[in-house]
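Bear in mind that the values here come from a model prediction, so they are computed numbers and not experimental data.
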Amino acid sequence: MPEQADMYPPIAEPLARASEPLPRRVLNWAMRAWRPAGSVMAVCLALLLGWHVVNGKHGLTTWNQKRVEDKQLQKEIDDLQQENARLHTRVDRLKSNPDEIEHEAREKLHYAKPGEVIYALPEASASQSQPATQNR
């Protein structure tokens, strides 16, 4: 029979708790509930911190976007540096090579040597070339 006594809680214990003053019952409840409540708060705080690390102002999502933007800007810088080097080479040739100077003068300014005749053809505008392609 002692085994059955261990299986069932005594009825007198809840009755004794009911007769305790309210502040003591609140204190007892708080002492029993602080660990589970603290665990829940810690889990919520960890989840909030994890969300902030991924989606926050300086989170992984923003970092990834900035990394892609950095790659695009770096490519643009490289392209501009190549174009700058090409233009510097062209300027140096125009300063030192008389054949380049003559070619540029003929091309841009339509200069001609004595006795040469230059024929200028009208440039085809985009509106004139479209109907020809539509008829096909």
Side-chain angles (χ1 to χ4, degrees):
M1 284 293 171
E3 295 170 6
Q4 280 185 346
D6 292 337
M7 289 175 41
Y8 299 108
I11 298 174
E13 189 176 318
L15 293 176
R17 278 193 230 151
S19 64
E20 291 180 357
L22 183 63
R24 184 146 178 99
R25 282 188 286 172
V26 170
L27 182 63
N28 285 339
W29 177 84
M31 290 177 68
R32 283 191 320 268
W34 76 271
R35 277 195 181 196
S39 298
V40 168
M41 289 298 291
V43 168
C44 289
L45 186 61
L47 289 173
L48 182 65
L49 182 63
W51 180 86
H52 181 70
V53 164
V54 173
N55 296 320
K57 182 178 179 183
H58 301 290
L60 293 175
T61 307
T62 305
W63 178 77
N64 195 25
Q65 290 171 351
K66 295 295 181 184
R67 193 178 72 172
V68 168
E69 182 182 348
D70 180 54
K71 285 181 181 180
Q72 290 173 346
L73 290 174
Q74 193 62 41
K75 184 181 182 319
E76 187 178 334
I77 288 170
D78 292 342
D79 292 343
L80 289 173
Q81 285 176 342
Q82 288 175 356
E83 183 180 357
N84 195 16
R86 184 183 57 79
L87 291 174
H88 275 292
T89 304
R90 181 160 169 78
V91 166
D92 290 341
R93 279 188 306 202
L94 286 172
K95 284 182 180 178
S96 62
N97 190 349
D99 292 334
E100 280 291 322
I101 295 170
E102 180 184 347
H103 180 266
E104 191 70 21
R106 287 173 171 269
E107 191 72 26
K108 298 282 183 184
L109 303 174
H110 302 289
Y111 283 3
K113 290 183 180 179
E116 286 184 340
V117 178
I118 297 178
Y119 292 101
L121 300 175
E123 294 181 16
S125 66
S127 63
Q128 292 175 352
S129 63
Q130 287 178 353
T133 57
Q134 291 176 354
N135 291 337
R136 289 185 183 178

query = Rounded to the nearest 0.5 Å, how far does OG1 of T62 lie from CD of E69?
reply = 11.5 Å

query = Do D70 and K66 meet the salt-bridge criterion of a basic N to acidic O distance under 4.0 Å?
reply = no

Show which side-chain atoms of residues 96-106 pair as donor or acceptor with protein atoms under 3.5 Å away, not counting sequence neighbours.
from : atom 1 : to   : atom 2 : distance (Å)
S96  : OG     : D92  : O      : 2.9
N97  : OD1    : D99  : N      : 3.1
E102 : OE2    : R106 : NE     : 3.2
E102 : OE2    : K113 : NZ     : 3.4
E104 : OE1    : R90  : NH2    : 2.3
R106 : NH1    : E116 : OE1    : 2.8
R106 : NH2    : E116 : OE1    : 3.0
R106 : NH2    : E116 : OE2    : 3.2

ask   = Partners of K108 by salt bridge (Lys or Arg N to Asp or Glu O under 4.0 Å), sequence neighbours excluded?
value = none

request  = Tell me, please, which residues at least two apart from R86 pass side-chain hydrogen bond (donor to acceptor under 3.5 Å, both in side chains).
outcome  = none

task = Only counting residues at least two apart or in another chain, list the ones meeting side-chain contact (heavy atoms from CB on, under 4.5 Å) with E76.
result = L73, L80

ask   = Tracing side-chain links under 4.5 Å among I, L, V, M, F, W and Y, which residues wind up in one group with L27?
value = M31

Atom pairs and distances, side-chain donor-acceptor, residues 38-55, under 3.5 Å, sequence neighbours left out:
from : atom 1 : to  : atom 2 : distance (Å)
S39  : OG     : R35 : O      : 3.0

ask   = Linking Ile, Leu, Val, Met, Phe, Trp and Tyr by side-chain heavy atoms under 4.5 Å, what else ends up with L22?
value = V26

task = Check side-chain contact (heavy atoms from CB on, under 4.5 Å) between L87 and all other residues, then give those that pass, not counting sequence neighbours.
result = E83

Under the side-chain hydrogen bond (donor to acceptor under 3.5 Å, both in side chains) test, residues paired with K71 that sit two or more places apart = none

inquiry  = My understanding is that only residues two or more places apart in sequence, or in another chain, count here; which of them pass side-chain hydrogen bond (donor to acceptor under 3.5 Å, both in side chains) with D78?
reply    = none

ask   = Sequence neighbours excluded, which residues qualify as side-chain hydrogen bond (donor to acceptor under 3.5 Å, both in side chains) partners of H88?
value = N84

task = Could you tell me which residues satisfy side-chain contact (heavy atoms from CB on, under 4.5 Å) with R24, sequence neighbours excluded, listed by chain and number?
result = E20, P21, N28

